[in-house]
Amino acid sequence: MLSSEQFCLSLLRESKTLKTFKQIHAFVSKTGLDKDTFILGKLLIHCTITISDALHYAHNLFLKIPNPDVFMYNTLIRGLSESDTPQRSIPLFVQMRRQLSLPPDSFSFAFILKAAGNFRSLKAGIQLHRQAIGFGLDTHLFVGTTLVSMYAESGSVQSAQKVFDEMFEPNVVAWNAIVTAYFRCGEVNGAERIFNRMPFRNLTSLNVMLAGYTKAGEVDLARELFSQMPLKDVVSWSTMIVGFAHNGCFNEAFGFFRELQRGGMAPNEVSLTGVLHACAQAGAFDFGKILHGYMQKSGHLQIISVNNALLDTYSRCGFVGMARLVFEDMLEKKNIVSWTSMMAGLAMHGYGKEAIELFHQMVDFGIWPDGITFISLLYACSHAGLMEEGYRYFTQMSKIYGIQPAVEHYGCMVDLYGRAGQLQKAYEFVVQMPIPPTDIIWRTLLGACSIHGNVKLAEQVKERLSDLDPNDSGDHVLLSNVYAVAGKWKDVAAVRRSMTDMRIKKTPGWSMIEVDKTMYRFVAGEGQNEIYKEAYDKLKEIMLRITVEGGYVPEVGSVLHDIEGEEKEFAVLLHSEKLAVAFGIARLRDRRPIRIVKNLRICRDCHSVMQLISKVYRLEIVVRDRSRFHSFENGTCSCRDYW
DNA sequence: ATAGGGTTAG
């Protein structure tokens, strides 16, 4: 015979959704079981930790408890510390501290310090550390480890080391935390030194090293260590896949994912989101589709984060319709990341109005937008030329939604005005910003000057950039492009000379194309191998055909060279997107669109070449450049020459 | 009585 208490607990164990939880809650209130503090504690932690997206409900439940105990406080502090507003846990901790009958325990400090680390407040962290000392809990194994992580998050590796040194018997978890602290603060050598001194290691310690190395950009060191590891778990594999994706090693990410599967280990949501992220960056649609097929069978499509990554992959591969299908299939499981990614996807394909509509649907659905949502929304307005709408949402974000615009939002506004040709307005906006404009803000404005050929303003803006970040090659190239479009070849030459004097090299443009599930990368002016030869040969044939059949005339304005005539034409001919498209046509096996991913913005000449190829060859070409998608079909582009 | 620290994602 079950007691009503046991019955209630067994019901809770089965409850995974807020809906079933509410039923249990109603039942418990009716039977008066909620007078039992143990049951009440169980209800609170279940709602906070087990049920996803129910923190709001948990908070309300907590507020109705007349005299919450330490466990209840700790539970809600924990929930808030893991939320996107960890600073909200502080007032709760303060409230608990006011009640002297409720002394905080090691759990309280572990959770509240985690929160301080999450919102990177060294000030709050130091104060909490002092209080922990007062309760004699600072050397507690768990509290001490959290202190180490908190100081690392706040950038103070010395304090982390000091806390660690005072711990009585640090175990392997504490050692791992201090190694991570060094990596976190950018000290790879320090991390290695501690790692070599560790008295004991397990697999996780090696995984810590793998993660640290890849985050520091040391892919080769990670690879070397990985190959020496006698035992590897799914975290080791996922770490490598994610690390490759972060460092632009896409084929390696694909290869490791395949090997993980071949070894009989089951990929988890992290390895999957990692490899999808690689597909998204590389524009690897074919590999992405294979992953989608795998996930349909494996059951990973139940996981929200995996769906979000898949959605993003489809949009970044140029298939915004597929992205929309994934999005709709998520039904009511869509979270703020899903909505924001879908808005960004529509925006980068030029569907500004649709992105705005989605924003309103999201709000109606009951999801409150955050700062990132507004970046997508403003980006959508700017890429669709919706200047007034953009300004309206910028005003609304603080007035209606209570979100203070960050520098990124100001950047979106500069882009919005600049792209639309309102350069004076954009400049005035920058000058009256309440926060100091960063190099990125000025660079956005310089980009707009380059699109609209405003030499005078470009020179002014470049001055500011020379103070903030004089060595950015892109800035020099933009300025030189402004001069080139205006036909000021002497000034172009001067920029080029100063670049040589300052030893600034132009960031090489590259373009990638996926053929047979492998990414091929072309760099302008490079290449002696067979692949390049194949591309060059095809390109010559293509250029001849579009000249004869399409009336192509080279546009040499966007070339950074103080060279004349024929040579200039030759330089544009070498642009990487032309090589990639030629290679794609050479290897063409069906009428599928040719898809290219490029690291910089597409130039005018390449843009018109793509238009002509799409017409003469009756082929669809999709180019994802640094800022948006261009879909070429029958001689026109989806960007309507607005980029 | 109930829970917690280190590695992979967003």
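Below, chain A is the first sequence line, B the second, and so on; all start at residue 1.
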Which is true for Asp36(A) with a 4.0 Å heavy-atom rule: it touches a base, it touches only sugar-phosphate, or it touches nothing?
nothing
Closest to the side chain of Phe142(A), out of dG4(B), dA3(B), dG10(B), is dG4(B)
Would you classify Asn308(A) as touching base, sugar-phosphate or nothing, given that sugar-phosphate means primed atoms plus P, OP1 and OP2, and contacts are heavy atoms under 4.0 Å?
nothing
Does the base of dG10(B) carry an N or O that pairs as donor and acceptor with the side chain of Ser305(A) under 3.5 Å?
no
Ignoring hydrogens and geometry beyond distance, is the side chain of Asn207(A) in donor-acceptor contact with the base of dG6(B) at under 3.5 Å?
no
Within 45 degrees of the ring normal and closer than 6.0 Å to the centroid, is that where the cationic atom of Lys215(A) sits relative to Phe183(A)?
no
For a quick check of understanding: with a heavy-atom distance under 4.0 Å over all strands, which category does Thr180(A) fall into, base, sugar-phosphate or nothing?
sugar-phosphate
So is Arg316(A) actually on top of Phe285(A)'s ring, under 6.0 Å and inside 45° of the axis?
no
Establish whether the base of dG10(B) is bridged to the side chain of Asn307(A) by a donor-acceptor pair shorter than 3.5 Å.
no
Does a nitrogen or oxygen in the side chain of His46(A) sit under 4.0 Å from OP1 or OP2 of dT2(B)?
no
For Thr145(A), report the nucleic acid contact type (base, sugar-phosphate, nothing); a contact means any heavy atom under 4.0 Å.
base
What nucleic acid atoms does Val235(A) come within less than 4.0 Å of, heavy atoms only: base, sugar-phosphate, or nothing?
base
Any chance the side chains of Thr373(A) and Thr340(A) put a donor and an acceptor closer than 3.5 Å?
yes
Closest to the Arg78(A) side chain, choosing from dG4(B), dT2(B), dG10(B):
dG4(B)
Counting side-chain heavy atoms from CB outward, which of dT7(B), dT2(B), dG5(B) is closest to Asp69(A)?
dT2(B)
Round to the nearest Å and state the distance from Phe111(A) atom CZ to dT2(B) atom P.
13 Å
Ala177(A) has a side chain; which of dA3(B), dG6(B), dA1(B) sits nearest to it?
dG6(B)
Under 4.0 angstrom, heavy atoms only, what part of the nucleic acid is Leu141(A) near: base, sugar-phosphate, or nothing?
base
Please check if any side-chain donor atom of Asn196(A) sits under 3.5 Å from a side-chain acceptor atom of Glu192(A), or the reverse.
no
Candidate nucleotides dG10(B), dT8(B), dG5(B), ranked by approach to the side chain of Ala211(A) - the nearest
dT8(B)
Is there aromatic stacking of Phe107(A) on dA3(B) here, judged by a ring-centre distance under 5.5 Å and a plane angle under 30°?
yes
Look at all strands and tell whether Asp233(A) reaches a base, only sugar-phosphate, or nothing, counting heavy atoms closer than 4.0 Å.
nothing
Minimum-distance nucleotide (side-chain atoms of Phe38(A) versus dA1(B), dG5(B), dA3(B))
dA1(B)
To the nearest angstrom, how far is Met295(A) atom CE from dA9(B) atom P?
18 Å
What I want to check is whether the side chains of Tyr73(A) and Gln95(A) have a donor and an acceptor closer together than 3.5 Å.
yes
Measure the distance from CD on Glu82(A) to C1' on dG10(B) and round it to the nearest whole Å.
14 Å
If you look at every strand shown and take non-hydrogen atoms under 4.0 Å, does Ser149(A) touch a base, only sugar-phosphate, or nothing?
sugar-phosphate
Could you state the CZ-P distance from Phe256(A) to dT8(B), rounded to the nearest angstrom?
17 Å
Would you kindly say whether Asn207(A) and Ser236(A) are connected by a side-chain donor-acceptor distance under 3.5 Å?
yes
Winner on side-chain proximity to Phe71(A), out of dA9(B), dA3(B), dG6(B), is dA3(B)
